[in-house]
Amino acid sequence: MQQYVVQKGDTLRRVAARHSLAYEQLITANPWAGQQPYLQQGQMLYLPASLRRRYVIQEQDTLDSIALTFRFRKEALEELNPGLSATHLPQGKTVVLPASTDKHLIRLSGEYGPADLERDIGEMQKRYPAVEWSTIGRSVLGKPLYAAKIGEGPKHLHINAALHANEWITTPCLMRFLEDYSRSLAHQSPNYLQNTDEWYRNYTLWVVPMANPDGVELVQEGVTPIHPFYNRLLEWNGGREDFRRWKANVNGVDLGDQFPAHWNEEVERRGRHYPSPQDYAGTKPLSEPEAVAVYEHTLGVCPIRAISLHSQGKEIYWNYRDYEPPESEKMARILGQAGGYRPVKLQGSDAGYKDWFIQHFRKPGFTVEIGYGINPLPLEDFEDLCVEVRSILSAFMNLE
């Protein structure tokens, strides 16, 4: 059995994906690792042998049908099984299947964190020049806050994700939509995205895919004594070493309560006056650099409508203290129908991005809560979530 030394940033799911193992295989070989909240750098893991997938050829099979079903190149099947060919495919023969290939650049190989985002931005810059990337600010720990721009239309739109740390799955879902949009423009995409040429002509879409990278990294990797905020993060987390329920940034400030929309009322309602995993609104509105970056970027592009992606609940919030324009409710119903989500008229909430956007611009703004479950949502839900998000964001782009 092979041995592996844990590196910085490793998680069980990332290690399993890198070595073509099922997560459950890795846990079985290292049961103690499954009892820890996080892997520790320098820790030794045992890697079981990766078993090859096998398949018994059926009567109607062809090389193309097998390759399409299991998502790989038919040439790879022939390479692994000498003698196999389009003219020699004997029924009942057991063959070894190659690893599946994903048609998407944006995919999960374990948790999706700031390093994954940077890698995918670099690859998208090579593949899709229609998307322009920039840095709109820095996090508390100095991580870049990225924004993407696509389109040349006079009407501007804005979408952000991962304001809340343990809702990080919103980031790859949003990135997947951006990839599908870009591929469609290049006429390389399946036809499940329509009107992308029209979107590009009529709108300029701005995307901030990960507004809270420090918090996302904390949720996924935890902290060690060398982290600059180690002691206070543990204190704010009630002494728990498991940060998977953490929503705030690394200062213990909830970025979802940081915007100047009846902020004082939100502070009073929450009753939190010190840093914590969630619901602490900070010492003042826009006290945190991540909130400032999103706020200033939005002011700069002046969108006609905006979405903030969160999880979970399959709900769409569309109102704020009657500041919203009359078309907002109808738009929310259209978005809800597209994704199978419930439009909700929300009461008793202030200081969120959507709240500020509606109050300041008097334009339609939406909070979209994707998926069901407990945050962080299961990685196994990712592909289904991508379909839902794609449907909702496509409807968002098509709104009149």
If you group Ile, Leu, Val, Met, Phe, Trp and Tyr by side-chain heavy-atom gaps below 4.5 Å, do [X] and [Y] land in one group?
| X | Y | result |
| --- | --- | --- |
| Ile307 | Val208 | no |
| Val294 | Phe396 | no |
| Met210 | Trp246 | yes |
| Tyr353 | Val267 | no |

Would [X] and [Y] pass as an ion pair if we require N to O under 4.0 Å?
| X | Y | value |
| --- | --- | --- |
| Arg244 | Asp242 | yes |
| Glu329 | Lys345 | no |
| Glu79 | Lys74 | no |
| Glu179 | Arg390 | no |
| Glu123 | Arg119 | no |

With no hydrogens and no angle check, do the side chains of [X] and [Y] hold a donor and an acceptor under 3.5 Å apart?
| X | Y | answer |
| --- | --- | --- |
| Glu315 | Tyr317 | yes |
| Asn160 | His158 | yes |
| Tyr341 | Glu388 | yes |
| Tyr372 | Ser311 | no |
| Glu290 | Ser139 | no |
| Tyr280 | Asn251 | no |
| His164 | Asp254 | yes |
| Arg18 | Tyr4 | yes |
| Ser287 | Gln258 | yes |
| Glu167 | His310 | yes |
| Gln36 | Glu241 | no |

Salt bridge (charged side-chain N to carboxylate O under 4.0 Å, His left out) partners for Lys363, two or more places apart: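 By the salt bridge (charged side-chain N to carboxylate O under 4.0 Å, His left out) rule, Lys363 matches no residue at all.
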Cation-pi check for Tyr323 against Arg321: NZ or CZ below 6.0 Å from the six-membered ring centre and within 45 degrees of the axis, yes or no? no
Axial cation check for Phe366 ring with Arg305, 6.0 Å and 45° limits: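 That pair does not qualify as a cation-pi contact.
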Give the C-alpha distance, both sets of side-chain angles, the deciding distance and a yes or no for ring-ring contact (aromatic ring centres under 6.0 Å, His included) between Phe70 and Tyr55. CA-CA 10 Å; Phe70 293 98; Tyr55 176 73; 5.3 Å; yes
For Ser349 and Glu266: C-alpha separation, side-chain torsions, deciding distance, then whether side-chain hydrogen bond (donor to acceptor under 3.5 Å, both in side chains) applies. CA-CA 7 Å; Ser349 176; Glu266 184 71 2; 4.7 Å; no
Can you name the nearest heavy-atom pair linking [X] to [Y], along with the distance?
| X | Y | result |
| --- | --- | --- |
| Leu145 | Ala211 | CD2-O, 3.8 Å |
| Asp355 | Ala351 | OD2-N, 3.5 Å |
| Asp180 | His104 | OD1-NE2, 2.9 Å |
| Leu45 | Ala33 | CD2-CB, 4.1 Å |
| Gly34 | Ile27 | CA-CD1, 3.5 Å |
| Val219 | Tyr38 | O-OH, 2.8 Å |

May I ask you to test the [X]-[Y] pair for a side-chain heavy-atom distance under 4.5 Å?
| X | Y | result |
| --- | --- | --- |
| Thr298 | Pro303 | yes |
| Glu198 | Tyr203 | no |
| Glu327 | Pro364 | yes |
| Gln359 | His262 | yes |

Backbone N/O of [Y] and side chain of [X]: donor-acceptor pair under 3.5 Å:
| X | Y | result |
| --- | --- | --- |
| Asp61 | Gln58 | yes |
| Asp120 | Ile106 | no |
| Arg53 | Val96 | no |
| Gln312 | Gly373 | yes |
| Gln220 | Tyr112 | yes |
| Gln7 | Val5 | yes |
| Asn30 | Tyr46 | yes |
| Tyr320 | Ala261 | yes |
| Ser394 | Ser391 | no |
| Asn237 | Arg240 | yes |

Starting from the C-alpha separation in whole Å, work towards a yes-or-no answer on salt bridge (charged side-chain N to carboxylate O under 4.0 Å, His left out) for Arg73 and Glu78. CA-CA 9 Å; Arg73 296 180 304 108; Glu78 293 175 284; over 6 Å; no
Drop me the distance from [X]'s [atom1] to [Y]'s [atom2], to the nearest 0.5 angstrom.
| X | Y | atom1 | atom2 | result |
| --- | --- | --- | --- | --- |
| Trp236 | Ser276 | CH2 | OG | 9.5 Å |
| Lys8 | Gln41 | NZ | CD | 7.5 Å |
| Thr196 | Leu185 | OG1 | CG | 4.5 Å |

Let's go through Asn319 and Glu324 carefully: what are the C-alpha distance in whole Å and the side-chain angles of both, what is the deciding distance for side-chain hydrogen bond (donor to acceptor under 3.5 Å, both in side chains) to 0.1 Å, and is it a yes or a no? CA-CA 6 Å; Asn319 69 299; Glu324 71 279 353; 4.9 Å; no
Applying side-chain hydrogen bond (donor to acceptor under 3.5 Å, both in side chains), run through Gln278 and Arg272 and close with a yes or a no. CA-CA 9 Å; Gln278 64 183 67; Arg272 292 287 178 93; over 6 Å; no
Go through it in stages, so that I can follow the logic: the residues are Trp168 and Asn212, the test is side-chain hydrogen bond (donor to acceptor under 3.5 Å, both in side chains), and I'd like the CA-CA distance, side-chain angles, deciding distance and then a yes or no. CA-CA 9 Å; Trp168 59 260; Asn212 186 6; over 6 Å; no
Test salt bridge (charged side-chain N to carboxylate O under 4.0 Å, His left out) applied to Asp257 and Arg270, Lys247, Arg269, the passing residue: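 When Arg270, Lys247, Arg269 are each tested with Asp257, the salt bridge (charged side-chain N to carboxylate O under 4.0 Å, His left out) holds only for Arg270.
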Could you go through Lys143 and Glu217, starting from their C-alpha distance and side-chain angles, then the distance that decides it, and tell me whether this counts as salt bridge (charged side-chain N to carboxylate O under 4.0 Å, His left out)? CA-CA 11 Å; Lys143 292 183 179 64; Glu217 189 172 75; 3.1 Å; yes
Pick one: which of Phe357, Tyr146, Trp206 meets ring pair (Phe, Tyr, Trp, His ring centres under 6.0 Å) with His297?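 One option only clears the test, and that one is Trp206.
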